[in-house]
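One structure below.
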There are 2 protein chains.
Amino acid sequence: MPNNQFKKGELYSFMTGKASTAIARRLQKNLKQHNIEITVEQWSVLYHLWKNDGLSQQDLCNATFRDKPSITRLVDNLEKLKLVKRVASKSDRRINQVFLTEYGKQLEDETMNVANTTLNEALTGVPSDKIDICKEVLQIVYDNLK
Amino acid sequence: MPNNQFKKGELYSFMTGKASTAIARRLQKNLKQHNIEITVEQWSVLYHLWKNDGLSQQDLCNATFRDKPSITRLVDNLEKLKLVKRVASKSDRRINQVFLTEYGKQLEDETMNVANTTLNEALTGVPSDKIDICKEVLQIVYDNLK
DNA sequence: GGCATATAGTTGTTTATGCAACTAACCAAA
DNA sequence: TTTGGTTAGTTGCATAAACAACTATATGCC
């Protein structure tokens, strides 16, 4: 039996993503406690815009590993919250560039502090060399399947 | 700055759970290709029932790391599909035990084969000692936050 | 026994996901 | 320049998630 060097039964928590679910819930809770009224999914879009404002919706699909309808609706909701604004690209009228509003930009510092705190909570007691290996494994898994 | 021995920027894919999302999508695709008409979420419930038939809904909450309303509705849908049946517990009338139907039992072998295949696809090229470390890290993260 | 509290499960509402089908705009080849 | 294929984005529909509020049953303490 090829590639079967692992105990499967213990591995299904991989599939069900309990760790990343736990992180997402904790981040949501921490955001709420700081009165930052966005969802973790909205955060994941804003995170990429804070690094690189004006990304297209397709760019956001690639960055967040979501499909196009998901991004359409996340951007819809972010627009309703006055956090971003769609701007039609001059060079290609199919493309919407998504830009942060002033309000959206203002949210960056506090929100990223909350995210960093959450990550610290998650990784308490994990040696950094093991974090590196875990990251590496998850990257290979992602590359194998994406 | 405490507990800051890692590069945060690279770690947000942890939070967004890209690897586990990729696994779930591939499993869904593989199930469909084998004409197994269940969702991956339904699979995660059935998986625990195959190991231990007759679990309560609360047991399923704990096993799958979902909240009670989620399990209520997943069991609703599994009942509609004639895969499981709720049975009120004799000893405690608050409790619903969830039992597999014959049809639900029949699905086990082929479905678990598909799940195992999916896991092999995901873990291709990952040495088993690194899988163990990754599992260990994800377990600590889960324990830190659950 | 009776009351307070805890536990098991359900329902309502909002948000998000996945897939398929669709429109609009772009591009390249005849 | 028209036609056929590709890319960007939207809409419709079914399933699922998180949170809060609710009902029903059980338990423990007086």
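All values below were derived from every heavy atom in this structure, side-chain atoms included, with hydrogens, water molecules and symmetry-related copies excluded. Since the model is a prediction, treat every value here as computed from it, not as a measurement. So you know, we letter chains A, B, ... as the sequences are listed, proteins then strands, and number each from 1.
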| task | Look at A:Asp76 together with A:Arg86 and state whether they make a salt bridge at an N to O cut-off of under 4.0 Å. | result |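 Yes, charged N to carboxylate O under 4.0 Å.
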
| task | Determine, for A:Asp132 against B:Lys130, whether the closest basic-nitrogen to carboxylate-oxygen distance falls under 4.0 angstrom. | result |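 So A:Asp132 does not pair with B:Lys130 through a salt bridge.
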
Mind checking the [atom1]-[atom2] spacing from [X] to [Y]? Nearest 0.5 Å is all I need.
X       : Y       : atom1 : atom2 : answer
B:Asp53 : B:Gln97 : CG    : CD    : 9.0 Å
A:Gln42 : A:Leu78 : CD    : CG    : 5.0 Å
B:Ser44 : B:Ile71 : OG    : CD1   : 7.0 Å

| query | In residues 24-32 of chain B, which ones come under 4.0 Å of DNA chain D, going by heavy atoms? | reply |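 Result for residues 24-32 of chain B: none.
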
| task | Please confirm whether A:Lys82 makes a cation-pi placement over A:Tyr103, using NZ or CZ under 6.0 Å from the six-membered ring centre and within 45° of the ring normal. | result |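 Relative to the ring axis of A:Tyr103, which defines the angle, A:Lys82 lies outside at least one limit.
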
| Does any non-hydrogen side-chain atom of B:Leu107 lie less than 4.5 Å from one of B:Glu110? |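 Answer no - side chains too far apart.
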
| query | Using the C1' atoms of the five pairs at each end, what is the angle between the end axes of the helix from C:dG1-D:dC30 to C:dA30-D:dT1, to 10°? | reply |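 That helix has its two terminal axes inclined by roughly 10°.
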
| task | Determine, for nucleotides 3-14 of chain D in 5'-to-3' order, which nucleotides have protein heavy atoms under 4.0 Å from the base (write B), from only the sugar-phosphate (write S), or from neither (write -). | result | ----BBBBBBB-

| said: Below the 4.0 Å mark, does D:dA26 have OP1 or OP2 next to a side-chain nitrogen or oxygen of B:Arg93? | reply: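 For B:Arg93, the contact criterion (side-chain N or O under 4.0 Å from OP1 or OP2 of D:dA26) is met.
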
| said: Counting only side-chain nitrogens and oxygens, does B:Thr39 get under 4.0 Å of the OP1 or OP2 atom of D:dA16? | reply: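 Indeed, a polar side-chain atom of B:Thr39 lies that close.
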
| Where each residue is assigned the nucleotide of DNA chain D containing its nearest heavy atom, which of B:Lys80 and B:Asp67 is assigned the position nearer the 5′ end? |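 Nearest nucleotide further toward 5': that of B:Lys80.
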
Nearest whole angstrom, please: distance from the [atom2] of [N] to the [atom1] of [X].
X       : N      : atom1 : atom2 : answer
B:Leu60 : D:dA16 : CG    : P     : 14 Å
A:Gln42 : C:dT15 : CD    : C1'   : 8 Å
A:Arg66 : C:dG18 : CZ    : P     : 8 Å
B:Phe65 : D:dA18 : CZ    : C1'   : 12 Å

| field | Stepwise side-chain hydrogen bond (donor to acceptor under 3.5 Å, both in side chains) check, B:Ser56 with B:Asp59 | value | CA-CA 5 Å; B:Ser56 71; B:Asp59 293 334; 3.1 Å; yes

| Polar contact flag, side-chain donor to acceptor under 3.5 angstrom, B:Thr117-B:Asn120 |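 There is no such pair between these side chains.
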
| query | Donor-acceptor pair, A:Asn52 side chain versus A:His48 backbone, under 3.5 Å? | reply |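 No; judged by distance alone, with no hydrogens or angles, the pair does not exist.
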
| query | With distance as the sole test, does B:Asn30 use its side chain to make a donor-acceptor pair with the main-chain N or O of B:Val114 at under 3.5 Å? | reply |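 Not confirmed, B:Asn30 side chain does not pair with B:Val114 backbone.
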
| message | Closest approach to the side chain of A:Glu41, judged atom by atom: which nucleotide of C:dA16, D:dA17, D:dT15 is it? | response |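 For A:Glu41, the side-chain atoms sit closest to C:dA16.
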
